[in-house]
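Counting convention: from 1, in listed order, for ligands and their atoms alike. The structure presented is a predicted model; accordingly, all values stated were derived computationally and were not measured. Because only heavy atoms are used, hydrogens play no part in the values below, and waters and symmetry mates are left out as well, while side chains stay in.
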Amino acid sequence: MRKDVRILLVGEPKVGKTSLIMSLVSEEFPDEVPLRAEEITIPADVTPERVPTHIVDYSEAEQSDEQLYQEITKANVICIIYSVNNKKSIEKVTSHWIPLINERTDKDSRVPLILVGNKSDLVEHSSMETILPIMNQYSDIETCVECSAKNLKNISELFYYAQKAVLHPTGPLYSPEEKEMKPSCIKALTRIFKISDLDNDGILNDNELNFFQRTCFNIPLAPQALEDVKNVVRKNMSDGVKDNGLTRKGFLFLHTLFIQRGRHETTWTVLRRFGYDDDLELTQEYLFPLLKIPPDCTTELNHNAYLFLQSVFDKHDKDRDCSLSPDELKDLFKVFPYMPWGPDVNYTVCTNEQGWITYQGYLSQWTLTTYLDVQRCLEYLGYLGYSIIQEQESQAAAITITRNKRIDLQKKQTQRSVFRCNVLGARGSGKSGFLQAFLGRNLARQKRIREDHKSYYAISTTYVYGQEKYLLLHEVLPDFEFLSEADMACDVVCLVYDISNPCSFEYCTKVYKKHYMDSKTPCMIIAAKSDLHEARQYYSLSPLDFCRKHKLHPPQLFTCNTAEAPSKDIYTKLTTMAMYPHAKLRCMCSCNRCTFCICHNLLNSELVRSVKAKIYSAVLNRHMTQADLKNSTFWLRASVGATVFAVLGFAMYKALLKQR
Ligand code: GDP
Ligand code: MG
């Protein structure tokens, strides 16, 4: 809303402009007035709309045309005063004042006009008969009013209407010629209806109406008032009320009624609460609340935000198949001004057999947007009405900013739940296949993906020690000359080569030496297309020897040419490395004996079962007390690394269960 209002009074000499201002200020009729009143400012707290209001007088005798024009351009609303007992002053409204004002103002941003008939104390009859045709002719005329400076009739009303015309303009809402709401207003109110229709059944039931009322006006609606509202709608249209709730048609009708009865401030309150400005666009402040992201921090959605997104999903998954059909997805995004997700999203996240985004995929895509482009995420949450439905200050309340990664590294612990893995490799080495396999697609399914629907990202969840984490795979284009250090930043790196192509490994060695050899980022070499015949790589060292030399895990065989969905093991491994990067120094093998390998085979292997048994006894032998268990720093220090800690943690948990 505007910060202040500037009201200008114009009209023929002696119609009573100065007297009106004086009467308002002193609450009595001044017998003598100067030619022109000084500009006065009414402080916010004494005006009905609580906005400082400037009132500006005009006098032909004291001011030049140039000064008048300047005042016209500065004004937010202009009152054209005539005297009801002076025909000439009425004629001048259309012959002089309206054309003069229109010439001085932009066609697109016309100031609202108010026609004021002063000196109503002098006549018996009303001037309305003459005035109404003028009102119908000029849509800029907001309203008209008859008043008297002498007996103080309608004086405060006049200034209230003027204030209202600026603060709650009718122009954007309503077309007086067509006697109906304007399309942009219908669009905005329809979006508001959809957001408020929490169960998406096309009807605002009593609960939803009450919630709506409370969010917009801060007061609940009395049960009788609720019935009255519905009855008004029922009386006027057949399909405005259905199943004892308000339909979209009924909701729109109600607002048309508000506007027609001059109560458009009600509609404006609703529109503003949902983020709209005077042009019925969502404001920048609403869509993009301030959020500062320090360096080396990432952005994630918090628990509340996931709950909200879950409810949005549920309300649109009409057939309850835990995925969104194209129609359901379209319906979900109807509150957006554009479709935010293109076909590539279906190849960035998990889908069902029909290729529709699953619940899991839907949350993954939101996670991805939050991580890569938090501003966009704020914007999207704004379209969904997050802050209104969740009763939060703004969408910023949905975001968790993780702590600086350097602190995570120092403490060897992380609270993050999204980890980024860059996937690099020569052209054709199998990077895209590696990404799609993470989404459960084997080679046969991947072949059906259209070239223009391909995505360079894949995101889904993995479980690391029972915790759900997101792994975000990013396929980096092979021309790494062009890549900046920022592009290369990530939590774990995959270097992919094609075992059947002898020239493909060299690329991995180059990228490794150029970007990751001296960094703390853990690296994994992926020997892709392991279903094909292995060729000897043209490079001075074999991939295994290269890994040994650089203390990397040995190359991991990988293929997506499988009958079923490819295995997820490798992705869990990558997430674990991303979470515990320092574990890399301790593991150079796939021996199934070291901590790294143990962790990944945690529940299955015989070997681990015996190791676990040893840990149990070690734990019990130490006569662990509850206090010790809580004091995790002790275990951190005592353990050789965080991965060991995690195994111990798991064992301790089991041991505790047993004790019970
Ligand atoms: P301005 O030139 O438009 O500013 O008009 P003024 O305020 O100077 O008023 C012109 C004359 O009309 C003065 O003699 C006022 O006393 C008189 N006047 C102003 N308002 C009223 C009114 O409401 N009723 C009557 N009867 N006289 C008024
Ligand atoms: Mg005057």
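Taking a 6.0 Å sphere around OH of Y161, one finds it holds 12 or fewer heavy atoms contributed by other residues, nucleotides or ligands. Residue-environment remark: NZ (K182) exceeds the threshold of 12 foreign heavy atoms within 6.0 Å.
Heavy atoms of V33 found under 4.0 angstrom from ligand 1 belong exclusively to the side chain. At a heavy-atom distance under 4.0 Å, no atom of I81 approaches ligand 1.
In this structure, Y338 and Y383 have perpendicular ring planes: the angle between them is above 60°, well past the 30° mark.
The six-membered or imidazole ring of F313 lies away from that of F308, with a centre-to-centre distance of 6.0 Å or more. Under the 6.0 Å cut-off for aromatic ring centres, H255 and F258 qualify, their centroids lying closer than that.
Among the backbone and side-chain atoms of V33, none of the N, O or S atoms lies under 2.8 Å from the Mg ion (ligand 2). Under 2.8 Å from the Mg ion (ligand 2) lies an N/O/S atom of T18, whether from backbone or side chain.
For atom 20 (N) of ligand 1, the closest non-hydrogen atom of the protein is N118 ND2, 3.2 Å. Here the protein heavy atom with the shortest distance to atom 2 (O) of ligand 1 is K14 N, 2.8 Å. Here the heavy atom of the protein found nearest to atom 16 (O) of ligand 1 is F29 CZ, 3.2 Å. Regarding atom 23 (O) of ligand 1, its nearest protein heavy-atom neighbour is A149 N, 2.8 Å. Among all protein heavy atoms, the one lying closest to atom 21 (C) of ligand 1 is K119 CG, 3.7 Å. With respect to atom 19 (C) of ligand 1, the closest heavy atom belonging to the protein is S19 OG, 3.4 Å. The protein non-hydrogen atom at the shortest distance from atom 4 (O) of ligand 1 is T18 OG1, 2.7 Å. The closest protein non-hydrogen atom to atom 5 (O) of ligand 1 is G16 N, 3.0 Å.
Across every non-hydrogen atom of R191 and G385, the tightest pair is NH2-N, 4.3 Å.
The cationic group of R248 does not satisfy the cation-pi geometry with F193, failing either the under 6.0 Å distance to the six-membered ring centre or the 45° limit from the ring axis.
Near K17, the atoms of ligand 1 lying under 4.0 angstrom from a non-hydrogen atom of the residue are 1 (P), 2 (O), 3 (O), 4 (O), 5 (O), 7 (O). Atoms of ligand 1 lying under 4.0 Å from any heavy atom of L122, numbered from 1 in the order shown and given with element: 26 (N).
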Q.
Using the rule given for side chain to side chain donor-acceptor pair (under 3.5 Å), can you reason through S325 versus D327, listing the C-alpha separation, both sets of side-chain angles and the distance that settles it, and then say yes or no?
A. CA-CA 5 Å; S325 70; D327 281 344; 5.5 Å; no

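Under the 4.0 angstrom criterion, atom 13 (C) of ligand 1 counts as lacking any protein heavy-atom contact.
In this structure, E91 does not pair ionically with K88, as no charged nitrogen and carboxylate oxygen lie closer than 4.0 Å. With respect to the salt-bridge test (charged N to carboxylate O, under 4.0 angstrom), the residues K242 and D201 do not qualify.
When each of R263, H264, E49, Q163 is checked for a side-chain hydrogen bond (donor to acceptor under 3.5 Å, both in side chains) with H168, only E49 meets the rule.
The shortest N or O to N or O distance between P34 and ligand 1 is not under 3.5 Å.
Across the listed options L152, D57, D121, D121 owns the non-hydrogen atom lying nearest to atom 22 (C) of ligand 1.
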